[in-house]
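Take this structure, written in structure tokens, and hold onto it; I'll ask about it next.
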Amino acid sequence: MLRIEDVSAEPIDIALTEPFGIAGGEQTLARNVLVRVRLTDGTIGLGEAAPFPAVNGETQRDALLAIEAARPALVGSDGRRFRWLARSLSERTEVRSARCALETAILDALCRHAQLSLWTFFGGAEPTLESDITITTGSPDAASSAATRAIARGFRILKVKVGGAAAAWDRDRLRAIAQAVPRARLVLDANGSLSADAAIALVESARSVDIDVALFEQPAGAQDYDALREVRQRGRVRVAADESATCARDVVTLASEHAADVVNLKIMKSGVNESLDMAATARAHGLGLMIGGMVESKLAMTASACLAAGLGGFDFVDLDTPWWMTASPLRGGFVERGPVLDVSTLESGHGVSVAPR
Ligand SMILES: [Mg+2]
């Protein structure tokens with residue numbers, strides 16, 4: 001028997017090199033939570049909660065309290081039963097980022113015990129992923145210089161946060177990007193903030209300056225299936241569901257509503273266990289897969305990279321927030337070569353550890 005002997009959590013604040021702005025607000029400091037799960041053989045697994053108040057209202061304090069509340073049920077449990085533990089966590093814990101941190105730490109501990117990488121555990125389908133990089137909400141000048149820097153670093157897809165401002169502002173930002181980076185390939189993400197008309201107008205203005213909109217993530221509200229469908233059909237652009245897709249059942253709804261082409265999976269939003277079900281459900285319905293995250297360090301993002309590369313077949317990869325964290329105390333994890341994230345060299349778990357202070 002391999003029992004969970006202890007669960008502990010502490011705040012981990014990581015400064016960002018620049019504010020991470022989206023339609024609903026911005027973050028200048030990642031106020032995350034580090035979770036340790038210790039098994040009876042002494043193996044320690046690490047997990048991360050990345051509450052993002054502007055996306056889901058969760059805070060660092062919410063995550064810490066939820067982890068503390070979940071602790072008594074976990075301590076003494078059989079650590080080999082990941083799916084069972086994850087399911088009971090999802091019934092007890094409302095705070096999604098806390099759930100994700102606990103699931104990740106349990107899986108990490110289990111995989112470290114078995115001397116197996118998380119990538120191998122998830123199936124080892126592909127050794128690497130190629131990530132986009134985000135151009136957050138900001139001025140046209142800022143968008144232009146961010147796009148230039150990203151292309152110089154080898155990124156081939158830029159993800160541009162839109163919405164939350166006047167339509168002309170986003171048009172100007174896209175025009176500035178098009179001037180800086182001719183024929184740019186973009187993913188747009190409105191975080192649910194636009195109407196179908198506004199989203200379609202933005203796609204058309206991007207096309208008029210020769211931008212290839214590869215994907216439009218959550219152009220309209222999470223439950224506004226009519227608007228999402230309209231953007232796909234009238235805007236002739238692939239639509240990804242993010243806020244609309246939090247569980248496998250949502251994926252079925254999106255498919256039957258013809259409201260999305262791609263589902264953006266995030267362990268921080270849905271948990272690890274549910275993300276696995278969502279991936280299988282999306283595939284069964286002919287929907288494409290994207291992997292993303294909140295403002296996460298290399299810890300949670302390596303876990304996500306292991307899941308996506310382990311399962312394989314993810315068309316869009318948005319695991320870029322560690323690049324905002326130059327002063328992170330976390331070490332190890334995926335190996336970066338420009339936009340390419342290599343998880344094939346990980347030896348056990350997600351391979352991320354905390355640097356001694
Ligand atoms: Mg999104």
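Bear in mind the structure is a predicted one, so any value in this text is a computation, not a measurement. Worth knowing before you read on, the calculation uses all heavy atoms, side chains too, and leaves out hydrogens, waters and symmetry mates. We count ligands from 1, going down the list as the structure has it; atoms in each ligand are counted the same way.
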Regarding E217, does it place an N, O or S atom less than 2.8 Å from the Mg ion (ligand 1)?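 Yes, within the cut-off.
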
Of the N, O or S atoms in D189, the one nearest the Mg ion (ligand 1):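 Of all N, O or S atoms belonging to D189, OD2 is the one nearest the Mg ion (ligand 1).
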
Considering just N/O/S atoms, say which atom of D242 is closest to the Mg ion (ligand 1).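 So the atom name we want here is OD2.
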
Is a side-chain N or O of Q60 found less than 3.5 angstrom from the main chain of N32, in a donor-acceptor match?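 Pair found, side chain donor or acceptor close to backbone of N32.
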
Quick test of your reading of the model: are E243 and K269 salt-bridged, counting only N-O distances below 4.0 Å?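 No, E243 and K269 are not salt-bridged.
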
Any N264 side-chain heavy atom under 4.5 Å of Q218 side chain: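 Not touching, per the 4.5 Å side-chain cut-off.
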
Is E243 close enough that one of its N/O/S atoms sits under 2.8 Å from the Mg ion (ligand 1)?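 False for E243.
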
Is there side-chain contact between L307 and L118, with heavy atoms separated by less than 4.5 Å?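 L307 vs L118: side chains apart.
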
